[in-house]
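Accompanying notes for the structure given below.
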Amino acid sequence: MAPSIIGSLWTVVINPTTPVCALLLFISLVLFFRLGKRRRPVGSLPPSPRGLPLIGNLHQVTATPHEGLHALSLKYGPLLFMRFGAIPHFVISSGELVREVVKTHDAIFTYRTTTKASRVLFSESEDLLCSPQNKFWRLTRKLCVNELLSNKMVKSFQFIREEEVGRLVKTIGSSCINNIGSEIDLSKLFVKLAGSLVSRAVLGLKSAEEGGRESDEKMGKLAMEAVHIITDLFSFEDYIPALAWVDHLTGLNRKLKKTSRAINEFLDRVIDEHEMFNNGGEEGNDSQNDRKCFVRVILDLRKKDMMGLELTRGNIRSILLDMFLAGIGSSASSTEWNMAELARNPRIMKKVQEEVRSVVGEKSKIDESDIDQMKYLKCVIKESLRLHGPTVTIREASTTASIGGFKLPDKTIALINIWAIHRDPNTWERPLEFLPERFLDTSYNFTGQDQVYFPFGLGRRVCPGVQFAMSEIEYALANLLCWFDWELPKGMAPEDLDMRGTSSIAAHKIVPLCLVPVSVKVSAPHR
Ligand code: HEM
């Protein structure tokens with residue numbers, strides 16, 4: 001975030017070369033200070049690093065914000081007050097304070113902030129991710145859980161996982177045979193896998209090879225583009241409203257509109273096709289469908305009672321988009337980090353492969369029920385989510401709250417630094433090391449009830465996609481570890497592997513993960 005704001009400020013504001021810019025800057029400053037006065041919280045505030053006029057503490061936000069905020073919290077304490085442009089934030093970096101948020105104030109910290117990107121991408125229609133906690137949120141969440149994300153529904157998608165992971169294994173297998181010793185870009189393959197799984201379960205799309213009219217990859221690509229805009233590009237309108245006009249100059253507005261238009265057009269085409277089918281239209285138009293996918297269930301329900309929900313076309317598009325935004329990058333990056341950590345830790349790679357292979361035995365296919373016996377694999381995934389899961393989660397308070405002895409005003413935005421809490425040396429022994437054994441025989445789970453380990457978030461807004469994500473990650477990893485050995489590219493030592501993550505909330509590797517697969521099992525499905 002920081003490089004883009006400082007770069008943009010420099011080129012457009014700090015170094016104005018035209019009188020027009022100077023005049024706009026003057027007007028903006030006047031507006032800013034008037035707005036700023038209205039937004040400033042009152043009362044005793046937590047410690048705060050010194051800010052600057054106009055940008056507040058934005059200059060202290062480093063290229064990886066979670067790391068920069070962690071460094072500040074070591075200096076100023078676990079509860080920080082910071083102003084990002086005109087917007088006051090409270091940064092929480094300790095499990096104790098998280099306990100206060102979840103246990104004492106869960107009903108208060110349930111709002112999410114909307115941003116310019118979310119408003120444009122969702123075309124101002126209410127959706128699940130950004131909705132405040134209201135009737136719409138409750139009913140939509142129930143709809144998504146019942147019809148897509150519950151254990152029962154996730155089990156019903158097992159054949160999709162088997163087909164898509166099978167396709168992944170085949171791709172890697174043929175690389176082993178045709179390009180012996182060549183590295184393969186796993187990061188790219190994991191995004192493709194996650195995109196196909198969500199596309200098929202949510203929209204019923206099939207791959208082009210299987211005759212799908214709309215490619216199952218296209219929506220995944222559009223969603224990743226949207227995630228990039230949301231998390232990597234700075235919006236002046238969000239943080240310094242008086243400088244909203246700068247978003248035109250940086251190209252943000254254009255990018256947002258273009259991506260939003262492409263998403264809407266794509267989703268409209270898919271919804272139209274399903275609607276036609278539901279209305280008894282041409283059966284041939286069902287280039288789709290493996291089963292009754294999520295969008296068709298919504299369209300069916302809309303004809304009936306819809307659980308009291310009145311969904312517009314805009315709402316339907318937004319809910320579908322939510323599943324893509326929340327479900328692809330997070331799962332893909334998690335699979336990527338698991339493989340990266342294993343490649344960097346040969347002892348752990350060997351141990352987890354031995355477990356997986358001993359459970360699978362001589363079979364030529366892994367059944368999902370086999371995964372239950374892979375206890376060490378589950379620890380590997382937990383440890384990977386501790387070190388490389390989502391970096392922060394952001395909530396807005398619906399009313400005033402008292403945290404850590406400070407009274408926080410209503411509309412306070414709380415930024416919970418999961419990254420810092422997952423690496424707190426007061427909780428975790430040797431916190432920076434990848435040690436899956438630490439999770440053996442512990443009760444840490446993904447329900448968001450624990451204040452020191454919550455990779456899927458916490459409280460009422462905890463991720464409802466845990467089951468969907470875990471089934472995908474576990475099954476993909478079990479297959480990759482069973483059928484292949486993995487080597488680093490020629491000349492690279494484990495400690496040379498670049499482990500830097502992006503600044504996004506679901507940070508993926510900056511440098512894509514490329515490893516060399518070696519096919520090992522005679523009974524492997526790709527042979
Ligand atoms: C490894 C994969 C994933 C991780 C680490 C993850 C993590 C998270 C986190 C941290 C939150 C915010 C929770 C909070 O504010 O406390 C969240 C929310 C959410 N996630 Fe996930 N997620 C993953 C996969 C998925 C998948 C596959 C889906 C659906 C297909 C999904 C759907 C959602 C939705 C809809 C929300 C918003 C819930 C609400 O606001 O009520 N997630 N996720």
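None of these values were measured; they are calculated from a predicted model. Both ligands and their constituent atoms are indexed starting at 1 by order of listing.
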Distance filter under 4.0 Å to Gly327 heavy atoms, resulting ligand 1 atoms: 26 (C), 27 (C), 28 (C)
Of all the non-hydrogen atoms in the protein, which one sits nearest to atom 16 (O) of ligand 1, and at what distance? Arg395 NH2, 2.6 Å
Quick note on ligand 1: atoms under 4.0 Å from a heavy atom of Pro455 include exactly 5 (C), 7 (C), 10 (C)
So, does Arg112 sit close enough to ligand 1 that a heavy atom of it is under 4.0 Å from the ligand? yes
Evaluate the criterion side-chain hydrogen bond (donor to acceptor under 3.5 Å, both in side chains) for residue pair Ser384 and Glu341; output intermediate values, then yes/no. CA-CA 7 Å; Ser384 180; Glu341 283 292 1; over 6 Å; no
Should Gln451 and Val102 count as side-chain neighbours, where that means a heavy-atom distance under 4.5 Å? no
Quick one: look up the protein heavy atom nearest atom 25 (C) of ligand 1 and list residue, atom name and how far away it is. Ala326 O, 3.5 Å
Give a yes/no verdict on whether any heavy atom in Phe324 is under 4.0 Å from an atom of ligand 1. no
Would a 4.5 Å heavy-atom cut-off, applied to side chains only, mark Met82 and Leu69 as touching? yes
Counting heavy atoms only, which part of Trp137 comes closer than 4.0 Å to ligand 1: side chain, backbone, both or neither? side chain
shortest atom 35 (C) of ligand 1-to-protein heavy-atom contact is with Leu128 CD2, 3.6 Å
Under 4.0 Å from a heavy atom of Leu149: which atoms of ligand 1 are those, numbered in the order shown and with their elements? 29 (C), 30 (C)
Would you mind finding which of Ser471, Ser333, Gly465, Pro464 brings a heavy atom closest to atom 34 (C) of ligand 1? Pro464
For the residue pair Arg386 and Trp428, would you count it as a cation-pi contact if the rule is NZ or CZ under 6.0 angstrom from the ring centre and within 45 degrees of the ring axis? yes
Tell me if the aromatic rings of Phe439 and Tyr453 count as close, with their centers under 6.0 Å from one another. yes
For the residue pair Thr115 and Ser118, establish whether any side-chain heavy-atom pair is separated by less than 4.5 Å. yes
With a cut-off of 4.0 Å, which atoms of ligand 1 are near a heavy atom of Phe468? 27 (C)
For ligand 1, note which part of Glu472 has a heavy atom under 4.0 Å away: side chain, backbone, both or neither. neither
Among all protein non-hydrogen atoms, which one is nearest to atom 13 (C) of ligand 1, and what is the separation to 0.1 Å? Arg461 O, 3.1 Å
Taking the side chain as everything from C-beta on, heavy atoms only, tell me whether Val452 gets closer than 4.5 Å to Tyr444. yes
Examine the proximity of ligand 1 to Phe456 and report which part, side chain or backbone, both or neither, has a heavy atom under 4.0 Å away. both
With respect to atom 17 (C) of ligand 1, which of Ala201, Cys463, Ser330 exhibits the smallest heavy-atom separation? Cys463
Heavy-atom contact under 4.0 Å between Met470 and ligand 1? no
Shortest non-hydrogen contact from Phe484 to Val169? CZ-O, 3.7 Å
Ile473: numbered ligand 1 atoms lying under 4.0 Å from its heavy atoms: 1 (C)
Per-atom contacts, ligand 1 versus Arg141 - under 4.0 Å to a heavy atom: 38 (C), 39 (C), 41 (O)
Ring-face cation of Lys218 near Phe266 (centre distance under 6.0 Å, axis angle within 45°): no
Would you mind running through ligand 1 and noting each atom that sits below 4.0 Å from a heavy atom of Pro390? 5 (C), 7 (C), 10 (C)
With side chains defined as the heavy atoms from C-beta onward, is the minimum distance between Leu233 and His228 less than 4.5 Å? yes
How far is atom 37 (C) of ligand 1 from its nearest protein heavy atom, and which residue and atom name does that atom have? Leu129 CD2, 3.4 Å
Atoms in ligand 1 flagged as close to Gly457, the criterion being non-hydrogen separation under 4.0 Å: 10 (C), 13 (C), 14 (C), 16 (O)
Taking the ring centre of each residue, are Phe406 and Phe90 less than 6.0 Å apart? no
For the residue pair Phe84 and Tyr239, categorise the inter-ring angle as parallel (less than 30°), tilted (30 to 60°) or perpendicular (more than 60°). perpendicular
Suppose we call two aromatic rings close when their centres sit under 6.0 Å apart. Are Phe454 and His422 close by that rule? yes
Sub-4.0 Å heavy-atom approach of Asp322 to ligand 1: no
